[in-house]
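All remarks here apply to the structure that follows.
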Amino acid sequence: MKNGFRGVGRRRSLLIGALTAVLLAGCSTAPILLPPAQQAPAKASGPFEPPQLSVAANEANNLAAAYGAQKRKVDSALMGRAPSGFKAGLTTLAGQQRFGLRGPVAGVLWPDTGLIFNGDITEVNRSSFRKPMLEMELAFKINTLIPEQLADVSEVQYVVSEIMPAVELPDLGFDSEVGITGEAIVAANVGARYYVLGAPLSVDGVDVNAVRARLHHDGKFIERGEATQVMGNQWRALFWMINTLVEQGWVLQPGQVLLTGAMGEMTPLEAGIYEARFSGLGEIRLQVN
């Protein structure tokens, strides 16, 4: 048992299901068919450049239309590549109320957009964004194929293996015929652009809901955050994310990253040096030019 959750029987089911999928994939008489965005043919080559998305009015009429538009835009941009992971957004009540939503939203992390903090300093350029923002978050690495929704929150601990401190750098500078509404944010892939990951730790040894973070800019304290600000519980946030993504047609892959949402407030990304310190997890230092 870990963090008060049980799920050993279901864990066996998930592992057996993933293994069966792998075995069937090698059998010519019973191929496993992935959604179009995750099929192998016609993969693009070379480094991926995140697109600047725009939102038409009919793509933001409601959440169903917005998620449909997001899936079409992301599938088209990926050209057969796999996402590097997925993200949650507007996970606090204040954020949801600000954009007229009743719950959090989910988006896709583009390939080749995850930066690794190597212990020195990570550099980014504001010129790569239109309206850059910064959020302190927690990141979790998936350790198994997830082709179907989870039945209970207790199963989440068996499908993620590592936790990392993270800084997300979303871009809210997308064009929208309806302005920056909650639905428009979804259709524009929740502003996904770049993100920075710190050193990984085994999730077994971390009380994920006890993590706290502090953010400094050029030596000045500007923000604090707590893990429980994200839907009240990181495991619950992961459970919601995984099931929402599967519902939208994604098959989650081992090695992909899940960003669960902002600890504290989203802040504009300015030039200078940022230091994000996470209790029990380490820090990330970021230089913005």
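Bear in mind the structure is a predicted one, so any value in this text is a computation, not a measurement. Throughout, residue positions are numbered sequentially from 1 according to the sequence presented.
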Backbone N/O of [Y] and side chain of [X]: donor-acceptor pair under 3.5 Å:
X	Y	result
Glu59	Ala56	yes
Arg126	Pro132	no
Asp112	Pro47	no
Asn125	Ser127	no
Asn209	Asn233	no
Ser279	Arg212	yes
Asp218	Ile273	yes
Asn189	Gln70	no
Trp110	Ala192	yes
Glu155	Ala151	yes

Any heavy-atom pair between the side chains of [Y] and [X] that's under 4.5 Å?
X	Y	answer
Asn289	Val124	no
Glu137	Val167	no
Ser84	Tyr195	yes
Thr260	Thr91	no
Arg285	Ile121	yes
Lys141	Leu258	no
Asn143	Val160	no
Gln256	Pro83	yes

[X] and [Y]: which non-hydrogen atoms are nearest, and at how many Å?
X	Y	answer
Leu172	Met266	CD1-SD, 3.8 Å
Glu162	Pro200	OE1-CB, 3.5 Å
Leu145	Pro254	N-CG, 3.7 Å
Ala227	Leu138	CB-CD1, 4.1 Å
Ala262	Thr92	O-CG2, 4.4 Å
Leu259	Ala139	CD2-CB, 3.5 Å

Out of curiosity, does [Y] fall in the hydrophobic cluster containing [X] (side-chain heavy atoms, cut-off under 4.5 Å, transitive links)?
X	Y	result
Ile185	Val55	yes
Val257	Val105	no
Val196	Leu109	no
Val230	Val159	yes
Phe48	Leu197	no

The salt bridge (Lys or Arg N to Asp or Glu O under 4.0 Å) partners of Glu223 (sequence neighbours excluded) come to none

For residues 115-140, which residue pairs pass the ring-ring contact (aromatic ring centres under 6.0 Å, His included) check, not counting sequence neighbours?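 Found Phe129-Tyr194.
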
Can you tell me which residue pairs pass the ring-ring contact (aromatic ring centres under 6.0 Å, His included) test with a partner in residues 261-289, sequence neighbours excluded?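 Those involving residues 261-289 are His217-Tyr274.
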
Carefully, step by step, assess Trp250 and Val108 under the rule side chain to side chain contact (heavy atoms under 4.5 Å, CB included). CA-CA 10 Å; Trp250 295 104; Val108 180; 3.6 Å; yes

Measure the spacing between [atom1] of [X] and [atom2] of [Y] and express it to the nearest 0.5 Å.
X	Y	atom1	atom2	value
Ile142	Ile146	CD1	CD1	4.5 Å
Leu252	Met241	CG	CE	8.0 Å
Lys131	Leu269	NZ	CG	13.0 Å
Asn243	Gln149	CG	CD	4.5 Å
Met263	Glu168	CE	CD	14.0 Å
His216	Glu283	NE2	CD	11.0 Å

Please report, to 0.1 Å, the donor-acceptor pairs under 3.5 Å made by any side chain of residues 173-183, with sequence neighbours excluded.
residue	atom	partner	partner atom	Å
Asp175	OD1	Arg130	NH2	3.0
Ser176	OG	Val178	N	3.2
Ser176	OG	Gly179	N	3.2
Ser176	OG	Gly179	O	2.7
Glu177	OE1	Ala57	N	2.9
Thr181	OG1	Ala184	N	3.0

Listed by chain and number, what are the side chain to side chain contact (heavy atoms under 4.5 Å, CB included) partners of Ala106, not counting sequence neighbours? Tyr67, Trp240, Thr244, Leu245

Side chain to side chain contact (heavy atoms under 4.5 Å, CB included) against Gln96, all qualifying residues, sequence neighbours excluded: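 Residues passing side chain to side chain contact (heavy atoms under 4.5 Å, CB included) with Gln96: Leu90, Leu93, Leu101, Pro104.
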
Verdict with reasoning, Arg224 to Glu265, per side chain to side chain contact (heavy atoms under 4.5 Å, CB included): CA-CA 8 Å; Arg224 64 166 52 88; Glu265 297 296 323; over 6 Å; no

Does the pair Glu275 and Leu215 meet the rule for a side chain to side chain contact (heavy atoms under 4.5 Å, CB included), with working shown? CA-CA 6 Å; Glu275 294 179 275; Leu215 181 66; over 6 Å; no

Sole residue of Lys71, Lys73, Arg72 in salt bridge (charged side-chain N to carboxylate O under 4.0 Å, His left out) with Asp75: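 Going through Lys71, Lys73, Arg72 one by one, the salt bridge (charged side-chain N to carboxylate O under 4.0 Å, His left out) with Asp75 is satisfied by Lys71 alone.
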
Where do Thr267 and Met133 land on the side chain to side chain contact (heavy atoms under 4.5 Å, CB included) test, with the steps shown first? CA-CA 6 Å; Thr267 62; Met133 309 296 288; 5.9 Å; no

